[in-house]
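See below for the structure under consideration.
Order of the sequence lines sets the chain letters (A, B, ...), proteins ahead of strands, with each chain counted from 1. Note that the coordinates shown come from a computational prediction; the quantities given were computed from them, not determined experimentally.
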Number of protein chains: 2
Amino acid sequence: MEYDKYAHEPFAVTVDLAVLTISAGALHVLLVERGQEPYAGHWALPGGFVHPDESAETAARRELAEETGLSDVSGLHLEQLRTYSEPDRDPRMRVVSVAFAALLPDPPEPYGGSDAADARWVPYEKAGPLAFDHDRIIADAHERVGAKLEYTCLATAFCPPEFTLGELQQVYETVWGIALDRPNFRRKVLATPGFVEQVPGAARLTGGRGKPAALYRAGPATALQPPLLRAPREGRPA
Amino acid sequence: MEYDKYAHEPFAVTVDLAVLTISAGALHVLLVERGQEPYAGHWALPGGFVHPDESAETAARRELAEETGLSDVSGLHLEQLRTYSEPDRDPRMRVVSVAFAALLPDPPEPYGGSDAADARWVPYEKAGPLAFDHDRIIADAHERVGAKLEYTCLATAFCPPEFTLGELQQVYETVWGIALDRPNFRRKVLATPGFVEQVPGAARLTGGRGKPAALYRAGPATALQPPLLRAPREGRPA
DNA sequence: GTGACTAATAGTCATTACGACTATAAAGGG
DNA sequence: CCCTTTATAGTCGTAATGACTATTAGTCAC
């Protein structure tokens with residue numbers, strides 16, 4: 001990096017958050033309604049400026065706490081997506097934005113946002129035209145999460161601390177938009193060392209009808225070997 | 001993003017490039033020697049400031065052309081890695097750096113750098129302590145590239161337009177640091193639709209000894225399904 | 001209660017994929 | 001000319017996978 005050949009053009013640096021969760025069998029994303037120009041009245045991703053003493057990761061986790069209203073966001077999955085830096089992405093000034101994807105198990109209340117006019121969980125499919133380049137950001141987030149489900153244990157990040165294999169399967173089916181065979185899914189997950197571990201007590205839970213399911217916790221593994229594939233089977237609707 | 005609650009702290013935005021190539025059976029990374037403080041005399045990744053009218057991608061490709069001396073970098077694989085934004089990563093000022101990985105087939109001459117004191121291809125393993133957080137960046141680049149070899153067709157980005165399956169296999173072996181079984185590798189690659197396509201003419205090429213090999217080109221596929229796995233086999237040295 | 005309905009879990013089976021090999025072909029070097 | 005080297009063809013037993021069927025254990029409607 002050569003510092004002294006160019007003037008240091010001033011950039012504003014922000015973070016944008018694609019906060020994803022699964023609710024009622026559909027992928028949802030957290031959106032806020034913009035109160036001011038540009039894009040006043042449009043929906044956008046939550047986010048904000050990186051403070052002078054913060055890294056982008058720190059800023060993202062701070063914003064995540066502020067925007068979700070959750071008191072403890074330390075256990076949530078938060079990962080950097082990529083940085084969006086087109087010169088004209090903000091009409092007013094040069095803004096470089098580091099985008100993050102965050103995964104929540106149970107969506108908290110839409111909360112009366114601190115600094116946003118309104119905030120809401122919106123089904124991913126209906127997250128209409130958003131402000132700035134945020135449509136692209138949520139598309140990238142969806143693609144990244146879908147891909148990582150195949151070869152990592154990321155799916156458990158959408159689940160509460162204890163979950164059934166049915167719930168875990170629904171994560172895959174919802175994000176990928178296809179149906180999976182239940183016995184085969186079970187066999188595969190249980191055959192992957194460290195993916196999930198059964199909660200030892202006779203702990204069971206019923207979501208309502210049907211045979212009660214055993215509860216599992218996320219295991220120590222982080223990668224799936226071999227991966228869980230989505231291609232071979234064409235989707236009957238999930 | 002709320003613009004008016006915080007002062008817009010000025011950030012400098014740079015790009016850093018992890019330019020990787022395979023040479024003499026080893027992964028190499030392009031390094032430049034810093035001419036000035038901080039870290040004067042240390043080796044670092046090539047990079048530079050993002051200009052006011054550029055995106056980070058544009059800046060990265062411009063720097064790639066400048067630093068490699070290649071006249072046409074449009075066909076090269078260049079992908080954003082992640083953004084490094086720790087407040088203290090540069091001792092002088094607040095610098096946010098967008099890191100990229102670039103993959104080259106044949107390394108051009110080390111060239112007499114334009115603005116760098118010196119530039120050199122260094123074996124990845126010997127790329128000693130680098131300036132700033134650049135050790136971490138090349139480690140992240142190596143990890144990302146290694147992972148993407150498994151489930152994408154990225155390996156061809158290390159190869160010239162026409163290559164033998166032996167050369168392609170060496171990409172995997174070099175990046176992963178393990179040996180692969182040649183007949184099985186061949187079977188797998190040829191069974192993946194769109195990964196490679198044979199150059200139709202009786203085109204053949206000999207690197208020296210042995211039976212001449214058929215030449216292949218990169219095919220239209222971008223993803224490998226199913227992936228090529230590296231785990232099951234423990235590496236005899238590649 | 002009793003019988004439909006639902007969901008979880010166990011198990012079967014044929015096909016395919018994969019890792020580990022062996023064998024043959026086509027070049028060059030001493 | 002034989003030996004080495006590399007490419008390519010093919011074999012074989014095991015493991016993994018997709019597509020199923022069957023059984024178990026609950027809720028709900030009546």
Check the distance between [N]'s [atom2] and [X]'s [atom1] and give it to me in whole angstrom.
X      : N      : atom1 : atom2 : result
A:D181 : C:dT9  : CG    : P     : 14 Å
A:Q169 : D:dG18 : CD    : P     : 13 Å
B:Q170 : D:dA7  : CD    : C1'   : 15 Å
A:F185 : C:dG11 : CZ    : P     : 20 Å
A:R230 : D:dT17 : CZ    : P     : 17 Å
A:L190 : C:dT9  : CG    : C1'   : 10 Å
A:N184 : C:dA14 : CG    : P     : 16 Å
B:L168 : D:dA7  : CG    : C1'   : 15 Å

Tell me whether the OP1 or OP2 atom of [N] has a side-chain N or O from [X] closer than 4.0 Å.
X      : N      : result
B:R182 : D:dT8  : no
B:K188 : C:dC18 : yes
A:R186 : C:dA10 : yes

Base of D:dG18 paired with side chain of A:R187 (donor-acceptor, under 3.5 Å):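 Checked by distance alone, the answer is yes.
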Please determine, for the side chain of [X], which listed nucleotide ([options]) has the closest atom?
X      : options                : value
A:P183 : D:dA19, D:dT17, C:dG11 : C:dG11
B:K211 : C:dA8, D:dT21, C:dA26  : C:dA26
B:R209 : D:dT5, C:dG19, D:dA19  : D:dT5
B:P226 : C:dA8, C:dC18, D:dT8   : C:dC18

When the aromatic ring centroids of B:F185 and B:Y172 are compared, is their separation below 6.0 Å?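 Centroid distance B:F185-B:Y172: below 6.0 Å, so yes.
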Tell me if the CD atom of B:E125 is crowded by more than 12 foreign heavy atoms within 6.0 Å.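 Counting neighbours around CD of B:E125, 12 or fewer heavy atoms of other residues, nucleotides or ligands fall under 6.0 Å, so no.
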Does NZ or CZ of B:R82 lie under 6.0 Å from the centre of the six-membered ring of B:Y84, at an angle within 45° of the ring axis?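 Yes, B:R82 sits over the ring of B:Y84.
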So if I apply the side-chain contact (heavy atoms from CB on, under 4.5 Å) rule between A:V145 and each of A:L27, A:D140, A:L81, A:L103, which one comes out positive?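 One option only clears the test, and that one is A:L103.
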Can a salt bridge be assigned to the pair B:E33 and B:R120 using a cut-off of 4.0 Å between side-chain N and carboxylate O?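 A salt bridge is absent here (no side-chain N lies under 4.0 Å from a carboxylate O).
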